[in-house]
There are 4 protein chains.
Amino acid sequence: MGRPSNSEERRQQIVAGLLRIMAERGYERASVAEIARAAGLSPGLVHYHFKDKQEILLTLVEQLSARVRERVAARLARVKAEDARARVDAFLEAFLATGADADPAAVASWVTISAEAIQQPEVRAIYEKVVREDLEHLEELVGAVTGKRRARTVAAGLFAAIQGYFVLAASVPGLVPPGSAVGTVKRMAAGLLDAAQPPEEA
Amino acid sequence: MGRPSNSEERRQQIVAGLLRIMAERGYERASVAEIARAAGLSPGLVHYHFKDKQEILLTLVEQLSARVRERVAARLARVKAEDARARVDAFLEAFLATGADADPAAVASWVTISAEAIQQPEVRAIYEKVVREDLEHLEELVGAVTGKRRARTVAAGLFAAIQGYFVLAASVPGLVPPGSAVGTVKRMAAGLLDAAQPPEEA
Amino acid sequence: MGRPSNSEERRQQIVAGLLRIMAERGYERASVAEIARAAGLSPGLVHYHFKDKQEILLTLVEQLSARVRERVAARLARVKAEDARARVDAFLEAFLATGADADPAAVASWVTISAEAIQQPEVRAIYEKVVREDLEHLEELVGAVTGKRRARTVAAGLFAAIQGYFVLAASVPGLVPPGSAVGTVKRMAAGLLDAAQPPEEA
Amino acid sequence: MGRPSNSEERRQQIVAGLLRIMAERGYERASVAEIARAAGLSPGLVHYHFKDKQEILLTLVEQLSARVRERVAARLARVKAEDARARVDAFLEAFLATGADADPAAVASWVTISAEAIQQPEVRAIYEKVVREDLEHLEELVGAVTGKRRARTVAAGLFAAIQGYFVLAASVPGLVPPGSAVGTVKRMAAGLLDAAQPPEEA
DNA sequence: CATGAATGAGGCTTCATTCAT
DNA sequence: AATGAATGAAGCCTCATTCAT
């Protein structure tokens with residue numbers, strides 16, 4: 001019997017390496033050699049564990065997505081299942097409370113990934129998948145408050161605000177008053193969900 | 001004697017070339033040769049009119065910014081100076097009504113630029129400048145409704161929502177219900193500005 | 001009848017431009033555009049007055065040579081025709097008294113030209129011509145002291161010392177004690193010419 | 001595991017390639033592709049082993065310097081430690097006996113390097129270092145004959161003569177009577193060291 | 001004579017990927 | 001699994017030279 005596979009651990013290291021380098025250099029400028037160095041591995045090993053550079057990126061997208069979902073799940077677990085309104089806020093908090101402020105590298109990478117998704121079909125595919133899933137999750141939570149009516153539109157708006165905060169936080173550090181993102185988005189949610197509903201526009 | 005300068009015209013063509021190519025390939029993958037071809041010029045000429053590739057990008061940032069400001073100015077011109085509330089909506093419309101839907105290449109480029117701003121200091125500098133100016137403009141308009149209190153925070157939230165819509169529109173076409181962006185952000189503004197103000201959180 | 005030709009003046013400016021740029025950048029790195037700028041002219045004009053870049057260089061070689069010959073002639077004119085020994089010293093002074101110390105750009109250019117002569121046949125041709133002529137001149141002056149015997153060898157040695165001082169002065173400023181070159185070479189000449197002659201080696 | 005490093009061997013090959021090409025084309029015209037071809041390697045590999053083209057040049061400077069020092073050491077080893085006068089001659093022989101005549105490529109490269117030192121600060125730095133060290137060595141040897149008095153000046157003169165012979169030998173083959181360099185410089189040394197000392201000039 | 005735009009070749013360098021060990 | 005050398009294709013940029021005006 002050979003030695004136990006450490007493939008999963010190596011892949012983990014490499015993905016972490018990409019996260020770090022991509023946050024400061026972007027995807028195209030993150031060379032495989034640099035990623036390997038950041039991971040403490042040799043360049044050749046990267047292609048032993050990944051078909052190509054893009055596969056690392058795709059894996060990173062899924063990991064970042066999984067991470068945020070864990071945070072969402074954790075927050076939802078602390079909220080009563082019947083309190084539909086609080087569940088929406090929990091979702092928003094999961095994305096913004098720790099996200100924008102606490103893990104700049106992840107945010108920077110995420111924004112970079114969003115831009116890559118525009119141009120690389122395979123990145124777009126997976127990016128679209130996780131975004132749609134998250135958005136649908138939020139839509140569900142919103143729908144529990146409003147009924148299906150307008151749930152999609154409201155969810156999209158709140159989701160957009162979240163993504164926008166990511167962009168601004170990553171691109172112009174210091175622009176957004178620290179800690180203000182969660183509160184503001186929650187207030188946006190309040191305006192969209194709790195106020196007397198304005199008539200649907202055409 | 002000599003020949004009349006056509007530098008400005010050439011620079012225009014080249015910047016337009018970058019816009020086009022960058023929208024489909026991203027900045028790093030937009031080769032100078034391709035940009036030149038898109039502009040109908042020879043590769044060498046690009047560097048006759050621009051110091052380097054980055055200078056084209058910086059010029060593009062300024063142009064895109066100038067374009068949206070014209071739209072803002074145009075919309076504001078149609079609104080009574082005293083109607084502070086309507087002026088906020090005019091600003092939002094200027095960014096979203098034509099922006100996200102009508103000019104996909106510009107939106108895609110803008111999102112790409114946002115990501116580049118994270119990594120390239122010189123891009124960040126100009127990106128930050130134009131973003132700050134636009135945000136301050138919005139803050140002013142918001143302040144005319146709310147007083148200075150919370151104007152910054154509210155403006156940042158609305159601006160984030162706009163940027164987020166850009167990202168989603170560019171990265172996942174079809175995700176955002178067409179035409180819904182303006183209405184939703186205006187409703188966010190309504191929620192933040194017109195409703196009974198919730199107490200400021202810590 | 002057209003306007004009077006200013007060709008000669010323009011050529012002069014351009015050659016002076018090359019001298020300046022070449023002293024700080026070397027020949028290959030001295031771009032025609034830069035030369036033109038240093039000359040206060042437009043790039044196109046350079047090729048109107050010179051066939052190509054090399055022709056400027058060849059012209060410069062001749063000019064530098066002409067300049068030093070004027071200095072030689074001037075010094076010789078002040079020395080009695082019969083004083084063969086003094087005439088040798090006058091020659092050495094003409095090369096070193098003002099040369100190494102007073103006109104660093106000319107010295108730097110001359111050293112650069114010596115290196116170019118190794119690789120460019122056409123440069124070598126003219127370089128060789130002027131060097132041979134100068135060397136023969138010195139040989140003649142030396143021969144008037146020693147007789148033909150060993151005149152060539154002695155002249156070559158003194159000439160080498162001069163060239164070597166140029167190299168050292170240009171490449172390592174501060175290495176040669178200022179003002180020491182002339183004196184030392186004259187003392188070398190004294191050693192070779194005035195001392196009891198050692199027997200010729202094989 | 002892995003493969004044994006052969007970097008040092010490859011670097012050797014590449015430096016040798018530069019030496020060969022530079023001797024016939026000069027530094028700027030020695031393209032990396034040509035250097036690689038001369039070394040029997042692929043172009044990309046050159047930059048795997050060297051940061052850039054200049055680093056190859058800097059390495060070459062050190063190697064040429066090391067080579068001549070070995071020759072100096074070898075000659076000095078054959079001379080009695082007390083015979084200060086003979087030690088000076090040994091130094092001169094080490095530079096000229098085999099140098100100017102036996103290895104034209106090395107001499108041509110050295111002259112080219114001297115010219116590059118004028119223009120490239122990093123080349124100058126290392127060139128200056130090795131030249132100063134060699135000159136100081138000679139100064140020491142000379143000082144053992146004359147006492148400190150004038151050692152610097154005399155050493156500089158002899159060193160200049162050596163460099164000058166290199167230039168003339170490389171730029172105008174056939175100009176210097178073959179084999180005459182060593183003898184002449186040694187006679188210069190004799191003149192400067194053995195003759196009744198002329199009074200120091202100001 | 002003069003200008004400055006235009007061309008196109010070529011140079012240095014980077015880099016994803018492959019491969020011998 | 002792992003190493004690090006090797007390859008070859010681009011990419012950005014520079015530049016001598018030409019040419020329309």
Side-chain angles (χ1 to χ4, degrees), chain A residues 2-7 9-10 28-37 41-56, chain B residues 1-7 9-10 28-36 40-56, chain C residues 2-7 9-10 28-37 40-56, chain D residues 1-7 9-11 28-36 40-56:
Chain A
R3 61 191 128 181
S5 167
N6 56 0
S7 248
E9 190 190 338
R10 290 286 175 267
E28 280 297 319
R29 284 177 293 259
S31 75
V32 171
E34 238 177 345
I35 296 168
R37 206 178 318 131
L41 303 173
S42 72
L45 200 53
V46 170
H47 281 84
Y48 180 83
H49 290 290
F50 287 92
K51 171 162 78 51
D52 57 20
K53 192 179 154 187
Q54 199 186 59
E55 198 188 88
I56 317 176
Chain B
M1 216 176 338
R3 63 195 289 176
S5 173
N6 59 354
S7 234
E9 189 188 338
R10 290 285 173 269
E28 279 297 319
R29 282 176 295 262
S31 76
V32 170
E34 243 176 340
I35 296 168
L41 303 173
S42 76
L45 197 53
V46 170
H47 285 90
Y48 181 78
H49 291 290
F50 287 92
K51 169 161 90 27
D52 56 20
K53 192 181 155 187
Q54 192 184 242
E55 197 188 84
I56 316 176
Chain C
R3 63 190 124 179
S5 168
N6 55 1
S7 249
E9 188 190 340
R10 290 285 176 266
E28 280 295 320
R29 283 178 293 261
S31 75
V32 172
E34 239 176 344
I35 296 167
R37 206 178 319 130
L41 303 173
S42 71
L45 200 53
V46 171
H47 280 84
Y48 181 84
H49 290 291
F50 288 91
K51 170 164 80 49
D52 56 22
K53 192 178 153 187
Q54 198 185 60
E55 198 187 88
I56 316 175
Chain D
M1 215 175 340
R3 62 196 287 177
S5 173
N6 59 354
S7 233
E9 189 189 339
R10 290 287 174 267
R11 288 174 62 96
E28 280 297 319
R29 281 176 296 261
S31 75
V32 171
E34 243 175 341
I35 296 169
L41 303 173
S42 75
L45 198 53
V46 171
H47 284 89
Y48 181 80
H49 291 289
F50 288 92
K51 168 159 95 16
D52 55 21
K53 192 180 155 186
Q54 193 185 242
E55 198 189 84
I56 315 176

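A note on names: the letters A, B, ... follow the listed sequences, proteins ahead of strands, and every chain is numbered from 1. These values consider heavy atoms only, across backbone and side chains, with no hydrogens, waters or symmetry-generated copies.
- In this entry the distance linking CD1 of C/Ile56 with C1' of F/dC15 reads 13 Å, nearest Å.
- Position along DNA chain E of the nearest nucleotide to C/Gly44 versus A/Ala33 favours C/Gly44 as the more 5'-ward residue.
- With hydrogens and angles disregarded, no donor-acceptor distance shorter than 3.5 Å links the side chain of D/Arg11 to the backbone of D/Phe50.
- Projected onto DNA chain E by closest heavy-atom contact, B/His49 and C/Tyr48 fall at different nucleotides, the more 5' of which corresponds to C/Tyr48.
- Both distances falling under 3.5 Å, in either a Watson-Crick or a G-U wobble arrangement, place F/dC15 opposite E/dG8.
- In this structure, the side chains of A/His47 and A/Val32 come closer than 4.5 Å at one or more pairs of heavy atoms.
- Rounded to an integer number of Å, the gap from CZ of B/Arg10 to P of E/dA5 is 10 Å.
- Distance B/Glu28 CD to F/dC12 P: 8 Å, rounded to the nearest Å.
- The side chain of C/Ser42 has E/dG4 as its nearest neighbour among F/dC13, F/dT3, E/dG4.
- The structure places NZ of A/Lys53 at 5.0 Å from CD of A/Glu28, a figure rounded to the nearest 0.5 Å.
- To the nearest angstrom, P of F/dA10 lies 12 Å from CD of B/Glu34.
- A/Asn6 places its CG atom 4 Å from the P atom of F/dA2, with the value rounded to the nearest Å.
- Taking every side-chain heavy atom of C/Ser7 into account, E/dC1 is the closest of F/dA2, E/dC1, E/dT13.
- Comparing F/dC12, E/dT17, E/dG4 against the side chain of B/His47 picks out F/dC12 as the nearest.
- Side chain of B/Ser31, nearest nucleotide from F/dT14, E/dA16, F/dG11: F/dG11.
- If you take NZ of B/Lys51 and P of F/dC13, they are 8 Å apart, rounded to a whole angstrom.
- Nucleic acid contact class of D/Ala36 (heavy atoms, under 4.0 Å, all strands): none.
- In this structure, CG of B/Leu45 is placed 14 Å from C1' of F/dA20, rounded to the nearest angstrom.
- Of the two residues near DNA chain F, C/Asp52 and B/Gln54, the one whose nearest nucleotide lies more 5' is B/Gln54.
- Checking E/dT3, E/dT17, E/dA5 against every side-chain atom of A/Lys53, the shortest atom distance belongs to E/dT17.
- How far CZ of D/Arg10 is from OG of D/Ser5: 10.0 Å, rounded to the nearest 0.5 Å.
- F/dA2 is paired with E/dT21 under the criterion used here, namely a Watson-Crick or G-U wobble arrangement in which both key atom distances are under 3.5 Å.
- Residue D/Arg29 has no polar side-chain atom (N or O) positioned under 4.0 Å from OP1 or OP2 of E/dG11.
- Nucleotide E/dT14 holds its P atom 15 Å from the CZ atom of D/Phe50, rounded to whole Å.
- Pairing each heavy atom of C/Ile35 with each of C/Ala30, the nearest pair is CD1-O, 3.9 Å.
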